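Worksheet for the structure shown next.
Note that this is a predicted model, so its numbers are computed, not measured. Note: hydrogens, waters and symmetry copies are ignored here, and every other heavy atom, side chains too, is used.
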Amino acid sequence: MKRSALFFITVCLAALVCATVSTARAGEESCSREDLVKITDKYFDSIQKHSLSDLPLASTAKFTENGVEKEVGKGFWETAGKPLLKRTLVDTEKCVTATISVIEEPFNSETLGSGFGVGGAPAGGGTPGGAPGGAPGAGGGLSAMFSGPKELPEEGTVRPILFANRLKVENGKITEIETIVAREKDFAFNVQKELETKDQDWDTILPPGKRIPRKVLADAADNYFALFAEGSTVSVPFAEVCDRWENGLQTTARDHDCSPVSFRKQTKSNINHGPRRVWVDTEKGLSVAFMAFGGGESASEENPTGSGLVDCHMFRMRDGEVDLIHAIVGPRATSMGWPLEPIE
């Protein structure tokens, strides 16, 4: 009898251990690059079809659009069309993907961008990427940069817009969806120029010997914004030729200099961007930061991100240096709508 009981307990313990290991492995597998890419593809299919039926959503999934929390399936989800360009970062350690893209959408004058919107430019002046008002393509002044195209499409005309999103996955299901939508009238909106960068390589998986440590990638994204503030003591290794596009506007066309220090000295500005949230892809050599442009002035315990233009910058590093930056910058929001989290 005792032997039978001992055998039964042993079998139960073995089954429990196997179940625990199986669950742990399932969690690890759900955060593999392959699985995260599949879920991201399903998300883009979902917004294009305006349907949630095939999307692996957690029951507690949170969704924001331009800093405003919405019901999953609403907002841009109801109007999005075909993707024309996608660049995706996959962070397998944090189980997150981030994508900057160009997507078709029927024009609706009621959803036009608003630039800086209520509250105006951030304290300290400047622009999201660090472009002075007279930057090439700016049209000769800061107001021209914010105005976007002079002529607007007719109502209902399908045209491309700029889009960024972040997905957080847990146990194979999406728990967080953060999106930024930039349209006509938003900062420097020039989607055609963004499409002209389609041949840039943001997808190659680097050989192990060429990969950059997580912390170096994360620091590049985080410290980039710190350099806009006077007295900053951090640094970012920029390539001798580095280029940046903000909502399609190439803000480095004149000097190929991505450093905010050069911009700060040129414009005599001092901008406190406040906290960033950063994710990295070591296999592709990418990092991404989501933040409120100029949010440091208004950041508080109640609103940790502060208020400003909703902003997403993606950085590419090669041979230890940042050589390409792309950003999607949406309208002004009172908050990014998400709590802060450790960078690395």
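Here N165 contributes atom CG and I177 contributes atom CD1; the two are 8.5 Å apart, rounded to the nearest 0.5 Å.
Scanning for side-chain hydrogen bond (donor to acceptor under 3.5 Å, both in side chains) contacts around T179 gives an empty result, with sequence neighbours left out. With sequence neighbours excluded, the residues forming a side-chain hydrogen bond (donor to acceptor under 3.5 Å, both in side chains) with T79 are E105, listed by chain and number. Under the side-chain hydrogen bond (donor to acceptor under 3.5 Å, both in side chains) criterion, K210 pairs with D319, sequence neighbours left out. Take Q200 and apply the side-chain hydrogen bond (donor to acceptor under 3.5 Å, both in side chains) test, not counting sequence neighbours, and it matches W202, H326.
Here the options are I100, V102, L162, the test is side chain to side chain contact (heavy atoms under 4.5 Å, CB included), and the partner is L85; only V102 passes.
Using a 30° and 60° split on the angle between ring planes, F228 and F225 fall in the parallel class, below 30°.
Within the 4.5 Å cutoff, the side chain of I174 has heavy atoms near those of the I39 side chain. Here the side chains of E321 and F238 are not in contact, with every heavy-atom distance at 4.5 Å or above. Counting heavy atoms from C-beta on, the side chains of W245 and D243 come closer than 4.5 Å. Annotation: side chain of E155 is in contact with side chain of S109 (closest heavy-atom distance under 4.5 Å).
A donor atom on one side chain and an acceptor atom on the other are found under 3.5 Å apart for T251 and R244. At a cut-off of 3.5 Å, with distance as the only test, no side-chain donor of T40 or T88 sits close to an acceptor on the other residue. Side-chain contact of T197 with R87: a donor-acceptor pair under 3.5 Å is present, judged by distance alone. In this structure, a donor-acceptor pair under 3.5 Å is present between the side chains of D35 and S32.
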Side chains of residues 333-344: which donor-acceptor pairs under 3.5 Å do they make with residues two or more places apart or in other chains?
unit_1, atom_1, unit_2, atom_2, d
S335, OG, N303, OD1, 3.1
S335, OG, T305, OG1, 3.4
S335, OG, G337, N, 2.9
W338, NE1, T64, OG1, 2.8
E344, OE1, R214, NE, 3.2
E344, OE2, R214, NE, 3.4
E344, OE2, R214, NH2, 2.7

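In this structure, E230 does not pair ionically with R264, as no charged nitrogen and carboxylate oxygen lie closer than 4.0 Å. Remark: D219 engages K215 in a salt bridge, criterion side-chain N to carboxylate O under 4.0 Å. The existence of a salt bridge linking D41 and K86 is confirmed by a sub-4.0 Å separation between a basic side-chain nitrogen and an acidic carboxylate oxygen. At a threshold of 4.0 Å, the pair R159-E184 counts as salt-bridged, since one of the basic side-chain nitrogens sits closer than that to a carboxylate oxygen. Taking the charged nitrogens against the carboxylate oxygens, R316 and D323 do have a contact shorter than 4.0 Å, which makes a salt bridge. Using a cutoff of 4.0 Å between basic side-chain nitrogens and carboxylate oxygens, K168 and E176 are not scored as salt-bridged.
Here the two rings, on H313 and F290, have centers that are 6.0 Å apart or farther.
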- Item | Derivation of the side-chain hydrogen bond (donor to acceptor under 3.5 Å, both in side chains) call for S101 and T99 | CA-CA 6 Å; S101 57; T99 304; over 6 Å; no
- Checking salt bridge (Lys or Arg N to Asp or Glu O under 4.0 Å) for the pair K74/E65: CA distance, chi angles, key distance, verdict? CA-CA 9 Å; K74 299 299 183 181; E65 182 174 298; over 6 Å; no
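The ring-ring contact (aromatic ring centres under 6.0 Å, His included) analysis of residues 160-180, with sequence neighbours excluded, yields the pairs F76-F163.
If you chain together hydrophobic residues whose side chains sit under 4.5 Å apart, I161 and F107 never meet in one group.
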